[in-house]
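The structure appears right after this line, and notes come after that.
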Amino acid sequence: MNDELGMEEVIEEFVLESQEHLADIENELLEIEGAGADIDQELVNKVFRSVHSVKGAAGFLGFETLGRLAHSMENVLGKIRGKELVPDPGIIDVLLEASDILMNMLNDVHASNDVDVSGHIASLQAILDGDGSKEEGNGDAQEAHEELRLLIRDPDSGADTPLEVDQDRLRETRASGKRVRALGLEMWTFHDEDTLSFYSGIKKVLELGEVLYTETDFSGFNDLETQVPDSLKILAVLATEASDERIREELSDILLDIREARIESKRGSSFPEGGQSEAEGTLPASGSEGALEPGETSAGALERMESESSESPGRDSGEAPPLPASKPPKGSLPSNAAKDPTSGPRKSPAASSRTGGLKPQSNIRVSVEILDQLMNLAGELVLSRNQLLQCTDTKTDIDLKKISARLDQVTSDLQESIMCTRMQQIDQVFSKFHRVVRDLSGKLGKKCRLVLHGEDVELDKAIIEAIGDPLTHLVRNSIDHGIELPELRVERGKDPTGTVTLRAYHAGGKVIIEIEDDGAGIDTDRLTAKALEKGILTQAQAENLTNREALDLIFHPGFSTASKVTDVSGRGVGMDVVKTNIKKLGGEIEIRTEPGAGTTLRIKLPLTLAIIASLVVECGSDRFVIPQESIRELVRLSSKESRKRLDTIQGAAILRLRERIIPLIDARRALAYPAESDAGPGPETPEAETGKKSAVNIIVVETGSLRYGLIVDRLLEAEEIVVKPLGKHLGRIEELAGATILGDGTVALILDIAGIAAAQHLHLQEEEREFQESGSTKGDGESGDDLLLFRNDPTEQFAVPLGLVSRIDHIPREDLKLVGQTLLFRSRGESVPVLKLEDHITAKPCPDSPRVYIIVFKVGDREFGIPVHELIDIQHSSMDFDQTLLREPGVLSTFLARGMNTRFLDVSGIAEIARPWWFESQDKDGSETTRILLVEDSNFFRSQLTGFLEEHGIVVQSFEDGSLAWEHLCERGGDGIDLIITDIEMPKMDGFELTRRIKEDPRFSFIPVIALTSLSSEEDKRKGRALGLDDYNIKLDKQGLLLSIEAHRLKGVEA
Amino acid sequence: MNPSAMNGTGSACRAPSGEKQHVSVRAGNLLLGIGIERIQEINRPSKLTIVPKSPSFVRGVMNLRGEVVTVVDLNSILKNRKTELTETSRIIILENDGEKTGLLADGVGEVITFGPERIDPVPCHLEEEDAGFFEGVVQLEERLLVLLDVDAVLGIEEIEAGS
């Protein structure tokens, strides 16, 4: 009766709403259990109402089994609400199981009538039978055998029709003293703003009272040839306390008529209905009607109803319903729309005037499919926008530029908003663990409580859906393997009740989920022994295992610590599967344990799967994408450098990076591209590279605790990408994690960093992961520099040397003025040119906020500003960067600061890119070669400066500290040295000491000495000048240094 | 919400007499028929991105209005040779298991309508290993139309990709 065409949507609505009603029932029941006799009326009432409305609606739609089960649950809940029953774990168990079944039935609602619920109903009945209200039951005992029936009266003939209704319900109703009324209803199978939907119609009826019986005429839906009718006729018998007037008022949109109905004994003795005002007493049942079979009779009742409504003369006029007794207030019912050609097919005018009752909804249900589609379309829009922007870039039309800028902004906002629709609270996943913890600890004889933190943290829907299973496994593990039995806990001086804590929070642009238990912890010796036993490790390997590696054994495929596979955490799923699943989500899992005190599993997840920051690289003339979060560092080696730094150990290519040895994988080889030269891929034979390529690009990536370098042909740009899945034919390619569509519309494949390592059989290195960020102080007295960190886009962090910053202004955006081609702002009475970072390096624009920071730099004798959205921090750094050389012009290096990949900007380089003419005059015209002694302890600065000075035709000899430079001077004399540039803070001999010696020694005193400092204090300057220092220069102000060199070289020559 | 929109989907492309429409597709010297209801759209080959380490019959992936669609090469599957891209080459977008897949063919011809009574079993002279991809043959005036079992063709990954 319920799967006909046209009803599907109504049924779907019912299922969705019922699922919503029941979504929290588990936790609510557990809460009720927790409260025990101290009942939270409101809570019990809420559960009661949820079950009640499921029951009612199920009845209307012909899902009788669902209805019966819900009814039994409702009875028990009613007793709890009435304090006739104290909810103990036994009762709650039964209710929980019943609610599980209810949920299952809803999941496959069409098969629900075939589900056997008799056991559950019996259990629920047993609770009712066994409760304290036995006397009441006994009081009804004599009636229990008495058969009751429900009669409805035909208003025309006055004849009564009996209806088949559950005896218990009739008895209950009779005892309640409610009025019984039969309602003829007509409901719409579609709805628009003027009509009530079928489902909301049902709900209105349910609000009025208890529905004893419903019958829906689905006949119009069986015939595929005719159009599906727009409305359904329903007969519903209601036990209610509401007056007929109220019923008419409430149901005015859907009510056809109200008929008398009553409950009486089958033996013929009649019972007066409580509270009935009219037609008191009983109407003698007509013998013939009473003898009819229930099926026939009810159908007959409907038929009559049908004929009444369609034959009614008042229909068309919109007035005068046929029966005086059931006269609706006024106006017609929007009935017969499908059958009556004169009335509109959709809505009757009368209906539209009466819809004040529909409240505007602030939330609506949207199918995920539509959201995904929207997401896709937004992606397309972004693409079109990018193409448009590329077009308008070459145009000079100001209006067009304005429009495209606006479009740009709107598109970004749109994409962001759509992203937001995908975000859901993690509570959805967390809350189901109350039940898991309760059931499992009960089963294992353990005592355990669950503590939740951060339930409101939001994650992408796809992640929420996918994280459930791994988390369940981990929580089960914590209870099964972690939490000890109560006796043991007491013995160990712990609370007999263990605690499992689930915690979610944001950190560094990711969501962290922690599963913490205060159980026994993990015995790494046992893990190792187990691994030996299983042949996962050799004896030699086991002996050399670090603690961390031993713990990681847990994630090894085929490893399980339980001595036998229990049905609790065994279930054929190992931690390796958990780890794989989390990795698939772009997440990571870490484990920490303290024997005797507990274990914490830490899962790091991206906020969303849909959009990730990435780096586009080129390999074999194709573009590939690497997620930024697995990138630790970009290393670019010149041909000269690569000879020094690349090597092979036992045939495996490695990179030497800051005293560490990092395994290398050539992306070409990993992706089965032909090697670029016949001599084979780069790393093994670095020499082969040199002739063809100026440099080797290495991306240092990290996956779990493994770090390796990936050699690619070229680094292209950073891009936010939307991750798209690969089809089933390509799903098994280990090296690929998915695909994306780049700005120009081509598909690029996303590299799976972990997959590539696995495919290339790269194994965990014997290296402890270095948590220390390279941006932090080393504390061994080495000189360093202060860096200012800032961001324009939350995904991109930059650093500039504080020494070059002359000031920072916070100005309203409108103070930035475009004069000709130049952006200017007025500061201290001067116009300062402003260079937007995104115009000169690959960077995201500064967002359009009302105020903006301008970092004003002084380079050479020029000042300029860079607009910045957010200042993050000032960090002292040892500046111990690798000479990773240029990733792109304008960037000196990249490093990790505050958990983010940070680009260290070449401020003077940017100025030179933006305003080359500022510095033209400084280029030497090759008159005479300048020779300089450079003393600088930082490798990074030394190589930076050497490179820069050599570019300007200066011959540089460099030394790591003052004493080495001094030795050199003493040995070789000062001839031919035009200038000495020295750092101040250096080990062994600092810049002051070196200057003092030079200036005191007549052999050298004529050589000008320029000091390099990061942030010079006046005190230092005085001291320096007293010693004879000729000039000070800020580190990395390259143009300033050139000016200074020029000035002092000449001075030196004159001297 | 319109009840009239709830009609089944499959019936629309069925002619009243039970006749079915097939699009004729060319792969080398074979003329293949694909049920029109299986075809989402037909495109000229656009830029394909080659997928490293993919099975040999995968030609690459394409951007179909924001969706990444795998393109398999019909000639690779049936004839063990790569389809050469020409003016007539087409990519037929099919749906299988809720996933769109593109089928690269040498060309697409007219729509042919015939009833089930005209379908004959696959004759044995068709190469044995390919027979699994065919559902039957229809004798046209001039030549033979071989009906392609789309699900078998698209399901090929189970056989080969795993190896």
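On a predicted model such as this, the values are computed, not experimentally measured, just so you know. By convention in this document, chain letters (A, B, ...) are assigned in the order of the sequence lines, proteins followed by strands, and residues within each chain are numbered from 1. Atom set for the values below is all heavy atoms of this structure, side chains included, hydrogens, waters and symmetry mates excluded.
A 6.0 Å sphere centred on CD1 of B:Ile50 holds no more than 12 heavy atoms belonging to other residues, nucleotides or ligands. Other residues, nucleotides and ligands place more than 12 heavy atoms under 6.0 Å from the CD atom of B:Glu117.
For the atom pair CG of A:Leu742 and OG1 of B:Thr49, the computed distance is 8.0 Å after rounding to the nearest 0.5 Å. For the atom pair B:Met62 CE and A:Ile741 CD1, the distance stands at 10.0 Å (nearest 0.5 Å).
Contact annotation for B:Val69: neither backbone nor side-chain heavy atoms come within less than 4.5 Å of a heavy atom of chain A. Of the two parts of B:Val51, the backbone and the side chain both hold a non-hydrogen atom closer than 4.5 Å to a non-hydrogen atom of chain A.
When side chains are defined from C-beta on, B:Asn96 counts as touching A:Lys728, because their heavy atoms get closer than 4.5 Å. Taking the side chain as every heavy atom from C-beta outward, A:Leu736 and B:Ser54 never approach each other to under 4.5 Å. For the pair A:Ile733/B:Pro52, no side-chain contact is recorded, criterion being any heavy-atom separation below 4.5 Å from C-beta on.
Paired with A:Lys724 under the rule side chain to side chain contact (heavy atoms under 4.5 Å, CB included), one option of B:Val61, B:Asn63, B:Val68 passes, and it is B:Val68.
Judged by distance alone, the side chain of A:His729 and the main-chain N or O of B:Leu154 form a donor-acceptor pair under 3.5 Å.
Comparing B:Glu99, B:Lys47, B:Lys100 by heavy-atom pairs within less than 4.5 Å of chain A, the highest count is held by B:Glu99.
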